[in-house]
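No hydrogens, no waters, no symmetry mates; every other heavy atom, side chains included, goes into these values. Residue numbers run from 1 in the order of the sequence given.
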Amino acid sequence: MGRAVSVAACALNQWALDFEGNLERIFRSEWGGGDGTGFAPRAHGSSSAGARWLPPPPPASRPSGSVSPPPRFSGRGGSGDRACFMRSGSRGPVAGGRLGRAGWAGPGLSVRRAFNPTVLPGIDIAKRRGARYRLGPELEICGYGCSDHYYESDTLLHSFQVLAKLLESPATQDIICDVGMPVLHRNVRYNCRVIFLNKKILLIRPKISLANAGNYRELRWFTPWNKARHVEEYFLPRIIQEVTGQETVPFGDAVLATKDTCLGTEICEELWAPNSPHIEMGLDGVEIFTNSSGSHHVLRKAHTRVDLVNSATAKNGGIYILANQKGCDGDRLYYDGCAMISMNGETVAQGSQFSLDDVEVLVATLDLEDVRSYRAEISSRNLAASKVNPYPRVKVNFALSCSDDVAVPTCMPIQWRHHSPEEEISLGPACWLWDYLRRSKQAGFLLPLSGGIDSSATACIVYSMCHQVCLAVKNGNVDVLADARKIVNDETYVPEDPREFCKRVFTTCYMASENSSQDTCNRAKLLAEQIGSYHINLNIDAAVKAIVGIFSMVTGRTPCFSVYGGSSRENLALQNVQARIRMVLAYLFAQLTLWTRGMPGGLLVLGSANVDESLRGYLTKYDCSSADINPIGGISKTDLKNFIQYCIENFQLTALRSIMSAPPTAELEPLVDGQVAQTDEADMGMTYAELSIYGKLRKIAKAGPYSMFCKLINMWKEICTPREVASKVKHFFRMYSINRHKMTTLTPSYHAENYSPDDNRFDLRPFLYNTTWSWQFRCIDKQVSKLEKKEGISVAEDVD
């Protein structure tokens with residue numbers, strides 16, 4: 001009896017509506033090292049030096065009609081471990097890559113081949129590793145982020161055209177393939193998995209629980225399948241009938257029964273739902289659960305996903321396979337891969353969270369008897385299983401195991417390695433920037449570098465991107481090499497030194513004014529030298545005087561800064577003129593800097609406003625916060641400071657030390673005795689640490705002014721009186737509501753925090769408020785009075 005099953009989970013860098021590219025990422029012809037005998041590189045931090053990639057046995061030694069058995073991995077530290085992590089574009093699999101004994105290894109080198117739709121690396125790699133089931137990410141055929149394009153019949157048509165290509169390919173034979181696409185059934189649009197084998201569709205499984213919070217709007221485009229354990233006939237379009245010979249196929253909530261096991265499907269959100277389908281499916285005898293996800297990166301989120309997957313089988317036993325999208329598919333989100341395979345509550349295989357590889361395949365071999373013996377001793381599970389309502393079963397004349405597999409080694413549990421938040425900031429936004437750069441076909445980035453923490457952190461992320469590119473090329477990623485050559489317009493170029501590559505793709509610009517200090521100028525220049533960017537120093541005073549001069553000529557009045565006797569209105573207007581001129585100059589230099597250097601193309605302008613400043617509205621509308629994209633717009637000031645320290649230690653950027661120690665300042669008001677008198681926190685009337693707390697309470701805890709006050713009087717009881725808390729809360733909500741209109745023009749930012757004020761689709765609020773908050777603030781005043789009476793403190797009428 002077969003017991004060892006090999007399954008594969010894929011992480012694909014799909015792009016919304018890029019049907020040809022999405023198909024190519026499934027269909028791409030490259031794999032291995034030509035003859036399949038190349039050496040895998042030495043695993044970092046492991047004892048697998050000398051490990052060798054061995055080809056499968058010759059066809060004559062295989063049983064007739066069998067699928068090629070997995071190649072063998074031999075060498076010190078690697079024997080007996082069947083888990084494999086392989087990246088497309090590399091010479092061969094990374095045996096044991098971050099999978100226990102063999103540790104972590106990077107990919108080797110391969111030669112790019114012409115696109116050939118008869119060979120699929122994702123599926124082909126899985127087959128060559130012995131997998132009999134392949135799982136891809138959610139909506140992988142069209143790309144997850146199609147948004148309102150889901151309404152278009154073209155999206156459905158092209159998805160079926162791609163499906164037809166997959167069905168008719170010889171590479172999809174003798175392996176169960178599970179792909180994602182939208183399907184229209186009885187004039188209702190569903191988010192579906194299409195599961196097929198040997199040119200026959202086995203089941204179309206629609207999503208039951210749709211993601212409809214935060215960044216997700218699936219209910220806008222899809223309808224959930226609300227008919228539990230119900231299957232209907234789906235009439236296939238002619239383009240599919242011609243390939244499969246089928247007129248109808250099962251559509252609905254069912255499971256697959258193969259010769260040796262039973263598989264059940266979940267789709268992304270269903271894992272996160274309180275009544276996840278895997279619970280009932282497990283009780284009904286399903287042994288392998290699959291989940292195709294479109295789950296994006298948020299700082300400190302990965303452990304939650306891992307815990308959910310492991311807990312799915314901890315109580316009930318079973319094998320859980322999760323595939324996820326990766327990369328930027330056209331908007332603010334970065335999908336962070338993390339494909340994984342778990343059994344009986346423990347992780348047995350882990351994919352990468354951040355990388356520049358377009359295709360990653362995770363394969364593991366597991367013993368079904370381990371699932372059965374695990375379940376056998378859970379009496380409460382067995383009692384519940386005896387009463388469960390059974391699922392419809394689609395019988396499949398196919399086995400995921402071989403009949404003689406007693407000697408086949410299986411995977412052992414591993415310890416999941418999580419990135420620190422500082423590593424996540426270094427890697428996630430860097431990968432997002434690379435995807436945006438190569439897919440926008442621009443020649444690099446331009447950043448107004450002020451010498452402060454925010455713009456310096458943005459520069460460090462670009463430098464990290466350059467590190468990732470050089471590392472990927474060194475490890476043999478020919479796709480990254482090809483993209484780098486296109487970006488720098490040099491077909492012979494090989495990026496080897498991050499600083500040298502940074503010089504080619506990254507321009508920094510310090511825009512001084514009469515209010516700028518020499519200290520910030522020096523800091524910006526030194527950081528630019530250390531990361532290698534092409535650095536420009538310029539002075540904006542002439543432009544500022546010209547703009548103010550036009551105003552004075554028209555009105556006969558000349559505004560002054562407050563230190564020279566001007567009003568607060570004059571003071572603010574003069575600051576805004578400087579900020580907005582910097583935005584205009586940034587775009588001018590982004591368009592023409594490469595022209596002046598005799599180089600083709602233009603640059604993307606990077607913004608550097610952090611999530612806390614956006615929440616408070618501490619930025620000028622249409623200033624340097626207005627850019628093409630912003631890699632730190634979803635990251636807090638506190639996390640950025642920690643990231644700067646990380647860069648000092650890991651990138652040896654010593655220029656950051658003085659940046660870290662300097663107080664944050666906009667440098668828009670006149671200097672006093674040559675020194676900066678203006679600081680951000682004094683201007684805002686609150687600290688960055690307080691802003692992070694306000695942001696989390698407002699968005700994550702769903703707290704309005706009164707609820708925030710109630711929570712903070714306990715959180716801050718050791719440092720603030722209720723009256724002081726009330727004053728802080730009122731000030732925050734006044735400033736937040738006055739400046740909310742700025743969020744409507746906020747630069748598209750990398751989404752990294754769940755308290756982001758992004759108005760595009762994540763944080764939907766009015767932008768015209770009654771900023772007095774009269775009713776809400778009066779409730780706070782009453783509560784303060786009650787608390788002060790209780791403490792015997794004399795009561796004032798209200799709280800400022």
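No side-chain heavy atom of Leu12 sits under 4.5 Å from any side-chain heavy atom of Gln325.
Looking only at distances, a side-chain donor or acceptor of Asp260 sits under 3.5 Å from a matching main-chain atom of Leu400. Side chain of Arg132 to main chain of Ala399: a donor-acceptor pair is present (N/O by atom type, distance under 3.5 Å, no hydrogens or angles). A distance-only check finds no donor-acceptor pair linking the side chain of Ser293 to the backbone of Ser295 [under 3.5 Å]. Listed for the Asn22 side chain is a donor-acceptor partner under 3.5 Å among the backbone atoms of Trp15. Put simply, the side chain of Gln173 gets close to the backbone of Ser169: a donor and an acceptor are under 3.5 Å apart.
Contact between Ser276 and Glu266 at its shortest, heavy atoms only, is CB-OE2, 3.5 Å. Across every non-hydrogen atom of Tyr391 and Asp284, the tightest pair is N-OD2, 2.8 Å. Between Lys326 and Gly337, the shortest heavy-atom contact is CB-N, 3.9 Å.
Side-chain contact, Tyr234 with Gln246: no donor N or O sits under 3.5 Å from an acceptor N or O. A donor-acceptor pair shorter than 3.5 Å cannot be found between the side chains of Glu280 and Asn389. Between the side chains of Gln14 and Asp329, no donor N or O sits under 3.5 Å from an acceptor N or O. Asn13 and Arg439 form a side-chain donor-acceptor contact under 3.5 Å, judged by distance and modelled atom types alone. Between the side chains of Asp763 and Ser756, no donor-acceptor pair is found at a separation under 3.5 Å. Using modelled atom types, one finds a donor on one side chain and an acceptor on the other under 3.5 Å when comparing Ser355 with Glu360.
The environment of Asn397 atom CG is sparse: at most 12 non-hydrogen atoms of other residues, nucleotides or ligands sit within 6.0 angstrom.
Here Arg485 pairs with nothing under the salt bridge (charged side-chain N to carboxylate O under 4.0 Å, His left out) rule; sequence neighbours left out. For Tyr335, the side chain to side chain donor-acceptor pair (under 3.5 Å) criterion is met by no residue, not counting sequence neighbours.
The aromatic rings of His296 and His751 stand perpendicular to each other, their planes meeting at an angle above 60°, with 30° marking the opposite boundary.
Between Arg134 and Glu140 a salt bridge is recorded (basic side-chain N to carboxylate O distance below 4.0 Å).
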